[in-house]
Amino acid sequence: MRDAVDTSIANLTRAGLAVAVAAAAITLAVAPAAAQGTQLPGLIVTMPPAEPEAAPKAEPKPKPKPKPRAKRKAPKKSTRTARRSAPKGSGNGRKGRRKPHAIALLVNDDPITNYDIDARARLLSTSTNLNKRAKANFQAMIRNPRTNKRLKAILQETIKANQGKSRDAIIKAFERRKAAYARSLQKQAMSSARRSVLPGLRKQAEDELVQERLKLQEAKRLGIKVDDTRVNQIFSDLAKRNKMTPAQFKKHLSRMGASASAMKDRYRSQLAWQMVVNRRFRRLTSVSQRDIDQFLGSQQDEDAGTSARLHKITLQVPGNLDQAAIARRMSEADGLRRQFRSCQNSGQLAARLPGAQFSDMGQVNVNKLQEPTRSMILSANDNQMLPPSLGRGGVELYAVCSKTAAKQSLEKRNKASRSIRQKEMNRLGQRHLANLRRDALIERR
């Protein structure tokens, strides 16, 4: 019975191996968590023709063990000398190795460790497009002769572990091991890609952490404290948007080389700074109805912009344009503008100047006008004439008789007011943060 099994295995190895390997050609797809949906090239096992099994060789006689030599005692080295000989900043004695929990920066005596910087750099790497690097690394792996050699070894191990089973069963077992090997290669390719970008992200991580320390220090000075419940809620909402539970999202970040604590620290500093900016600058910012009208009018919404009743006076320029003629017309237009008092006399004003044409444009949607005329009209008051500009017909003067804001909902106007206020507070907050950094004592260890 054993001879029959051995014969079957030998036949499978010699005749069926090429078929089994061809049927088990590898096509690898990078896992979504590792390569974000990118399809990577596959691996194909190439096997040489099976060679006949060689007869077992006689085991050589064991050689007598040599006598152990007497151990020489190494000269003692003083602790002080050993410390001097170790390279500076080596951590465990290896050159260039950083101690993970050693202090790298002091921001107003608030420490930032190498561990903090590395954790933030890994978090930043999750938002970096690593697909191209991972794909290049994976292609290099499958071109490496060691990969095909390892696949051959996996196939031989599978055959040996499944003696007596059918060829289909052996191929199925090999497919399982092959898929596991593919996943390990994918993980190695992504890890290698992430490691390659981490050194470049370290400086960005340092800058972020320094700013966050300054934000938290200012919040502490003002008696502002962020509740952990709010931070955890933001983390849970982010996990929900990614269709995960908080625990699953935490594991997902860990697989990507980041940590949930680094992400939560980032959110905590953002919330604290929002509260600082609101407390310091909310009273310094005001939003008028005119600001809201101008903001809504700039949204390029023809159905919801601002309309204006306009008068236009055009001073025609001769066909052969020259600088002297244009300058003369510009000077005449400035003279008309100085005489303008209201739209009631704009027609009479134009009649005083030869070659001037008056036009009552009626109610015009401001969004349909060209820049910079549109913005100037939005900023103008009623019964105000704009500075002269050169148009197609000649030198043009627009008079704003009245403006009417389109009827927007109260919710839309409130949203515009909040946007304008927040933009102004962000500007003041950035200036305040720059002042904090300028006055801070930042020491690099």
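Of the residues listed (I159, L155, N162), the one engaging F174 in a side-chain contact (heavy atoms from CB on, under 4.5 Å) is L155, and it is the only one. With E206 as the partner, the side-chain contact (heavy atoms from CB on, under 4.5 Å) test is satisfied by one option alone out of L201, I442, I117: I117. Shown are V107, L222, L436; of these, the side-chain contact (heavy atoms from CB on, under 4.5 Å) with Q217 is made only by V107.
The closest side-chain heavy-atom distance from V276 to K215 is not below 4.5 Å. You'll find the side chain of P388 reaches within 4.5 Å of the side chain of R337, heavy atoms only. By the 4.5 Å heavy-atom criterion applied to side chains, I420 and T285 are not counted as neighbours. With a 4.5 Å cut-off on side-chain heavy atoms, I171 and R167 count as touching. Looking at N242 and L238, their side chains come closer than 4.5 Å, going by heavy atoms from C-beta outward. Residues E424 and F281 form no side-chain contact, since every pair of their non-hydrogen atoms from C-beta on lies 4.5 Å or further apart. At least one side-chain heavy atom of D237 sits less than 4.5 Å from a side-chain heavy atom of Q233. Taking the side chain as every heavy atom from C-beta outward, D265 and R120 approach each other to under 4.5 Å.
A side-chain donor-acceptor contact under 3.5 Å links N108 to the backbone of L441. Without hydrogens or angle criteria, N148 side chain to P145 main chain gives no donor-acceptor distance under 3.5 Å. When atom types are taken as modelled, the side chain of S184 and the backbone of Y181 share a donor-acceptor pair closer than 3.5 angstrom. Judged by distance alone, with hydrogens and angles left aside, the side-chain atoms of S331 form no donor-acceptor pair with the main-chain N or O of A327 at under 3.5 Å. Put simply, the side chain of S254 never gets that close to the backbone of K250: no donor and acceptor are under 3.5 Å apart. In terms of modelled atom types and a separation under 3.5 Å, the side chain of S191 and the main chain of Q188 share no donor-acceptor contact.
Remark: L310 CG to I377 CD1 distance equals 4.5 Å, nearest 0.5 Å. Atoms CD and CG, from Q204 and L124 in turn, are 4.5 Å apart once rounded to the nearest 0.5 Å. Taken to the nearest 0.5 Å, the CG atom of L378 stands 11.0 Å off from the OG1 atom of T373. With values rounded to the nearest 0.5 angstrom, I234 atom CD1 is found 11.5 Å from T229 atom OG1. Going from atom CG of L390 over to atom CD of E396 covers 8.0 Å, rounded to the nearest 0.5 Å. Note that the CG atom of L428 and the NE2 atom of H432 stand 10.5 Å from one another [nearest 0.5 Å].
Residues passing the ring-ring contact (aromatic ring centres under 6.0 Å, His included) test with F249, sequence neighbours excluded: F235. In terms of the ring-ring contact (aromatic ring centres under 6.0 Å, His included) criterion, F340 has no residue partners (sequence neighbours excluded).
By the 6.0 Å contact criterion, CG on N381 is enclosed, its count of non-hydrogen atoms from other residues, nucleotides or ligands being greater than 12.
Contact record, P111 with L106: CA-CD2, 3.7 Å, taken as the closest heavy-atom pair. For the residue pair V210 and I112, the shortest heavy atom distance occurs at N-CD1, 4.0 Å. Taking both residues in full, the closest heavy atoms of S307 and Q363 are given as OG-NE2, 3.3 Å, listed atom of the first, atom of the second, then distance. When all heavy atoms of L397 and A333 are compared, the closest pair comes out as CD1-O, 3.6 Å. Pairing each heavy atom of D382 with each of S402, the nearest pair is OD1-CA, 3.4 Å. The shortest heavy-atom contact between A260 and L253 is CA-CD1, 4.0 Å.
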Before you tell me yes or no, could you show the steps for K135 and F138 under side chain to side chain contact (heavy atoms under 4.5 Å, CB included), namely the whole-Å CA-CA distance, both residues' side-chain angles and the distance that decides it to 0.1 Å? CA-CA 5 Å; K135 184 176 180 179; F138 191 79; 5.7 Å; no
Applying salt bridge (Lys or Arg N to Asp or Glu O under 4.0 Å) to K172 and E175, what does each step give before you reach the verdict? CA-CA 5 Å; K172 191 174 181 180; E175 285 289 341; over 6 Å; no
Starting from the C-alpha separation in whole Å, work towards a yes-or-no answer on side chain to side chain contact (heavy atoms under 4.5 Å, CB included) for L123 and M263. CA-CA 7 Å; L123 180 62; M263 180 173 284; 3.7 Å; yes
Taking it one step at a time, do E218 and W273 satisfy side chain to side chain contact (heavy atoms under 4.5 Å, CB included)? CA-CA 8 Å; E218 181 68 0; W273 187 245; 4.3 Å; yes
When you look at D116 and R213, which way does the side chain to side chain contact (heavy atoms under 4.5 Å, CB included) test go after all the steps? CA-CA 12 Å; D116 297 330; R213 291 295 192 275; 3.5 Å; yes
Set out, in order, the CA-CA distance, both residues' side-chain angles and the distance that settles salt bridge (Lys or Arg N to Asp or Glu O under 4.0 Å) for K220 and D110, then state yes or no. CA-CA 13 Å; K220 184 178 180 180; D110 194 356; over 6 Å; no
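K264 and N232 share a side-chain donor-acceptor pair at under 3.5 Å. No side-chain donor-acceptor contact under 3.5 Å links N278 and R421. Side-chain contact check for N426 and Q422: at least one donor-acceptor pair (N or O, by modelled atom type) lies under 3.5 Å.
Sorted by first and then second residue, the salt bridge (Lys or Arg N to Asp or Glu O under 4.0 Å) pairs involving residues 225-234 (not counting sequence neighbours) are D228-R268.
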